[in-house]
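Each chain gets a letter, A, B and so on, in the order the sequences are listed, and its residues count up from 1. These numbers come from a predicted model, not from an experiment.
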Number of protein chains: 2
Amino acid sequence: MILINNQKYTTLLTELRYNCCMLKRTLAIQKALSESGYRITQPRRAVIEVILRARRSLSPEEVLARARKIDPSVSLATVYRTLDVLHEQGHLNRVRIGKKGYALVCSERELHFHLVCKRCRSVVELQPDRFSKALMTQLHNLGFAWQQNAIEIIGLCAKCNPAG
Amino acid sequence: MILINNQKYTTLLTELRYNCCMLKRTLAIQKALSESGYRITQPRRAVIEVILRARRSLSPEEVLARARKIDPSVSLATVYRTLDVLHEQGHLNRVRIGKKGYALVCSERELHFHLVCKRCRSVVELQPDRFSKALMTQLHNLGFAWQQNAIEIIGLCAKCNPAG
DNA sequence: AAAATTTTGAGAATGATTCTCATTAACAAT
DNA sequence: ATTGTTAATGAGAATCATTCTCAAAATTTT
Ligand SMILES: [Zn+2]
Ligand SMILES: [Zn+2]
Ligand SMILES: [Zn+2]
Ligand SMILES: [Zn+2]
């Protein structure tokens, strides 16, 4: 059992599945938020926990539903606010899929790609390699200041691709 | 002067500036739409004209305002509908910038990158090269069906980048 | 020109996101 | 542990981009 801010955590953090390789763990995110002057509240903890636990990207409504299982008082407004904070602090990205739907994806400094499945919202991560490094150099040479946390390529994953 | 569907066009199409290298010209788009069974109407023509003429990406409201200078009756609903049609038919992409705002960018089959400036909405086009080809191969090998028309990299262009 | 069909404009409806504000919770300093 | 300061919250109202509705108009076909 782990004690954080007087809260008991029995979850084995190492066993959690992340929807994206680079999503930091709850503890690391809480620490970072705390150091940035944010308060670590129950609802925020619940939302962060839910996002990290998810095996796929979740819509704000889905995050709400799951967060309420941890803390029933969580409101939708807080889900949105927490997503904002997490984005602001560089812990996650939100990517629109189609007309509704979002994918919540990781945030990582080095340029790399995410293959986001439109249908099942899974996110496959391409590790930074010589290609993405070359692209990064190219951006730099053009004076273009890259502001994303990752570059999302939208499509259908192997499972969801009828043709493949 | 050019005659299309009994409409007189005095615009020198070759002198238009495109916000993206691959945006087809009005005529080509009209032809393509027509061949797909869409009717070439005044409002659609106005919207297409406006988008192609723009030096930067426009929001739907901005498209409306400009289209009304060509055909005052154009409605916002038609702007949205036309954007949908153009997207559906692979003539343009819409990329969210921040909480509001869109960038309207080109549509091109071969994988390539757009550097979209968050501030001035300019779009710099990276031509397909060996890196994007390598990435395309990688996607193919992973069974991932790429569905975008181009990959948008959001950031600040050299002009708008205070640090650069 | 008339018929068949699509597209349109205007404004209502929707629905995701943001805002408001009184209340509560977190944190730091006692 | 208690208190004071201040950020964060929940509930629901408000906003605003987008979509929908439908009778009227425009386009294309006959
Ligand atoms: Zn990543
Ligand atoms: Zn999938
Ligand atoms: Zn392009
Ligand atoms: Zn710029």
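- Nucleotide D/dT27 holds its C1' atom 17 Å from the CD atom of B/Glu35, rounded to whole Å.
- Rounded to an integer number of Å, the gap from B/Asp84 CG to C/dT6 P is 18 Å.
- How far NZ of A/Lys69 is from CG of A/Leu64: 11.0 Å, rounded to the nearest 0.5 Å.
- The two residues A/Gly143 and B/Asn161 have their closest heavy-atom pair at O-ND2, 3.9 Å.
- Applying the side chain to side chain donor-acceptor pair (under 3.5 Å) criterion to B/Lys31, with sequence neighbours excluded, gives B/Glu35.
- Residues passing the side chain to side chain donor-acceptor pair (under 3.5 Å) test with B/Thr41, sequence neighbours excluded: none.
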(request) Summarise protein proximity over nucleotides 7-13 of chain C in one line of letters, 5' to 3': B for base, S for sugar-phosphate only, - for none, counting protein heavy atoms closer than 4.0 Å. (result) SBBB---

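- When rounded to the nearest whole Å, the span between CG of B/Leu33 and P of C/dT6 equals 16 Å.
- Between the CG atom of A/Leu64 and the P atom of C/dT18 there is a distance of 15 Å, rounded to whole Å.
- As rounded to whole Å, 10 Å separates atom P of D/dT9 from atom CD1 of A/Ile40.
- The separation between A/Tyr80 atom OH and D/dT15 atom P is 18 Å, rounded to whole Å.
- The distance between atom CZ of A/Arg45 and atom P of C/dC27, rounded to the nearest whole Å, is 8 Å.
- What separates CD of A/Glu62 from P of C/dA16 is a distance of 12 Å, to the nearest Å.
- Looking at A/His114, its side chain never comes within 3.5 Å of a backbone N or O of A/Glu125 through a donor-acceptor pair.
- Looking at A/Asp84, its side chain never comes within 3.5 Å of a backbone N or O of A/His87 through a donor-acceptor pair.
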